[in-house]
Enquirer: 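Here's a structure for you.
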Amino acid sequence: MSAYCRRLDLQQWEDWRFLMSDDATFEFENVEGQRIAYFNDPTEFIKVCIDHLKDTVTVHHLHNSEILSMDEGSAEVVWAMEDRLYFSKTDSREESYFHGYGHYHISFVKNTEKWLISKLKLKRVRMEQQ
């Protein structure tokens with residue numbers, strides 16, 4: 001997940017994709033627990049991120065990993081997370097800044113070479129915008 005955040009923040013999209021299984025899913029919930037986005041295709045998820053984060057500086061931090069289960073081929077982990085997004089002055093959004101907190105619920109699968117994200121769910125606990 002450190003590589004996930006680093007490659008996202010550096011917008012290294014091709015390298016970011018190599019951290020995900022081909023059938024990975026991505027789900028995002030707001031503070032009220034309502035689904036605000038869902039993707040069942042990593043390529044589509046990355047395309048939306050590229051469009052959404054163009055000219056945006058992002059900073060993602062992870063804290064306090066909690067391993068829920070792990071065996072030779074899979075793992076379930078929860079990470080506390082914090083992210084900040086600084087939108088360009090040329091961006092059409094009303095906000096110039098976003099600061100969020102939440103928890104990543106991640107499922108990993110191991111292929112022959114490395115661990116890959118097979119399911120990512122972000123549950124927000126606080127969102128601040130200016």
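Computed from heavy atoms alone, side chains included, the values below leave out hydrogens, waters and symmetry copies.
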Enquirer: For this output row, return yes or no: ring centroids of His99 and Tyr101 closer than 6.0 angstrom.
Expert: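 Between Tyr101 and His99, which both carry aromatic rings, the centre distance is below 6.0 Å.
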Enquirer: Same hydrophobic cluster for Val77 and Met81, using side-chain heavy-atom links shorter than 4.5 Å among ILVMFWY?
Expert: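 Looking at the clustering, Met81 is in the same group as Val77.
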Enquirer: State which residues pass side-chain contact (heavy atoms from CB on, under 4.5 Å) with Lys110; sequence neighbours excluded, sorted by chain then number.
Expert: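 Scan of Lys110 (side-chain contact (heavy atoms from CB on, under 4.5 Å), adjacent residues dropped) gives Trp115.
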Enquirer: Take atom CD of Glu14 as the centre, draw a 6.0 Å sphere, and report whether it contains more than 12 heavy atoms from other residues, nucleotides or ligands.
Expert: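 Counting neighbours around CD of Glu14, 12 or fewer heavy atoms of other residues, nucleotides or ligands fall under 6.0 Å, so no.
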Enquirer: Distance from Ser65 atom OG to Ile106 atom CD1, nearest 0.5 Å?
Expert: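 If I round to the nearest 0.5 Å, the distance is 11.5 Å.
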Enquirer: Would you say Leu120 and Tyr4 make side-chain contact, with heavy atoms under 4.5 Å?
Expert: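 Yes, side chains in contact.
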Enquirer: Just jot down the side chain to side chain donor-acceptor pair (under 3.5 Å) partners of Lys119, sequence neighbours excluded, or say none.
Expert: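 Counting only residues at least two positions away or on another chain, Lys119 forms no side chain to side chain donor-acceptor pair (under 3.5 Å).
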Enquirer: Could you tell me which non-hydrogen atom of Gln11 sits nearest to which non-hydrogen atom of Leu53, and how far apart they are?
Expert: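 In terms of heavy atoms, the two residues are closest at NE2-O, 3.1 Å.
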Enquirer: Who passes ring-ring contact (aromatic ring centres under 6.0 Å, His included) against Trp13, sequence neighbours left out?
Expert: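 ring-ring contact (aromatic ring centres under 6.0 Å, His included) list for Trp13, sorted by chain: Trp16.
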Enquirer: When rounded to the nearest 0.5 angstrom, what is the spacing between CD in Glu95 and CD in Gln130?
Expert: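 Reported to 0.5 Å precision, the distance equals 10.0 Å.
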Enquirer: Can you name the residues that form a ring-ring contact (aromatic ring centres under 6.0 Å, His included) with Phe108, not counting sequence neighbours?
Expert: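 By the ring-ring contact (aromatic ring centres under 6.0 Å, His included) rule, Phe108 matches no residue at all.
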Enquirer: Partners of Asp15 by side chain to side chain donor-acceptor pair (under 3.5 Å), sequence neighbours excluded?
Expert: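 None.
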Enquirer: Determine whether Met127 and Phe98 make a side-chain contact, defined as any pair of heavy atoms from C-beta on separated by less than 4.5 Å.
Expert: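 A side-chain contact under 4.5 Å exists here.
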Enquirer: If you take all heavy atoms of Ser21 and Ser118, which pair is closest and at what distance?
Expert: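 Closest pair (atom of Ser21, atom of Ser118, distance): OG-CA, 3.5 Å.
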Enquirer: With sequence neighbours left out, write down each residue that passes salt bridge (charged side-chain N to carboxylate O under 4.0 Å, His left out) with Arg124, or none if nothing qualifies.
Expert: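 Partners of Arg124 under the salt bridge (charged side-chain N to carboxylate O under 4.0 Å, His left out) test: Asp83.
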Enquirer: Please check if Leu116 and Met20 belong to a single hydrophobic cluster, counting links between Ile, Leu, Val, Met, Phe, Trp and Tyr side chain heavy atoms closer than 4.5 Å.
Expert: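 Different hydrophobic clusters.
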Enquirer: Looking at CD of Glu128 and CZ of Arg84, how far apart are the two atoms once the value is rounded to the nearest 0.5 Å?
Expert: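 One finds 8.5 Å between CD of Glu128 and CZ of Arg84.
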Enquirer: Once ring-ring contact (aromatic ring centres under 6.0 Å, His included) is applied, what residue pairs with a partner in residues 66-95 remain, sequence neighbours excluded?
Expert: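 Sorted pair list: Tyr86-Tyr97.
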Enquirer: Which atom pairs, one a donor and one an acceptor, fall under 3.5 Å between side chains of residues 55-62 and the rest of the protein, sequence neighbours left out?
Expert:
from, atom 1, to, atom 2, distance (Å)
Thr56, OG1, Lys54, O, 3.4
Thr58, OG1, Asp9, OD1, 2.7
His60, ND1, Asp9, OD1, 2.7

Enquirer: Does one hydrophobic cluster hold both Phe26 and Val78, with members joined at side-chain heavy-atom distances below 4.5 Å?
Expert: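 Unlinked, Phe26 and Val78 end up in two clusters.
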Enquirer: What's the separation between atom CD in Glu29 and atom NE2 in His103, rounded to the nearest 0.5 Å?
Expert: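 Here the interatomic distance stands at 12.5 Å.
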Enquirer: Just to verify, what does Gln34 make a side chain to side chain donor-acceptor pair (under 3.5 Å) with, not counting sequence neighbours?
Expert: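 Per chain and number, Gln34 pairs via side chain to side chain donor-acceptor pair (under 3.5 Å) with Asn30.
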Enquirer: Is it the case that one hydrophobic cluster holds both Val109 and Phe18, taking links as side-chain heavy atoms less than 4.5 Å apart, direct or via other members?
Expert: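 No, separate clusters.
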Enquirer: Would you list the atom pairs, donor with acceptor, under 3.5 Å between side chains in residues 35-47 and any protein atom, with sequence neighbours excluded?
Expert:
from, atom 1, to, atom 2, distance (Å)
Arg35, NE, Glu27, OE2, 3.1
Arg35, NH2, Glu27, OE2, 3.3
Asp41, OD1, Thr43, N, 3.0

Enquirer: Please tabulate, for the side chains in residues 66-76, all donor-acceptor contacts under 3.5 angstrom to protein atoms that are two or more places apart in sequence or on a different chain.
Expert:
from, atom 1, to, atom 2, distance (Å)
Asp71, OD1, Gly73, N, 2.9
Asp71, OD1, Ser74, N, 2.8
Asp71, OD1, Ser74, OG, 3.1
Asp71, OD2, Ser74, OG, 3.4
Glu76, OE1, Ser107, OG, 2.7
Glu76, OE2, Ser107, OG, 3.0

Enquirer: Taking only residues two or more places apart in sequence, or in another chain, which ones meet Arg17 in a side chain to side chain donor-acceptor pair (under 3.5 Å)?
Expert: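 Here the qualifying residues are Asp22.
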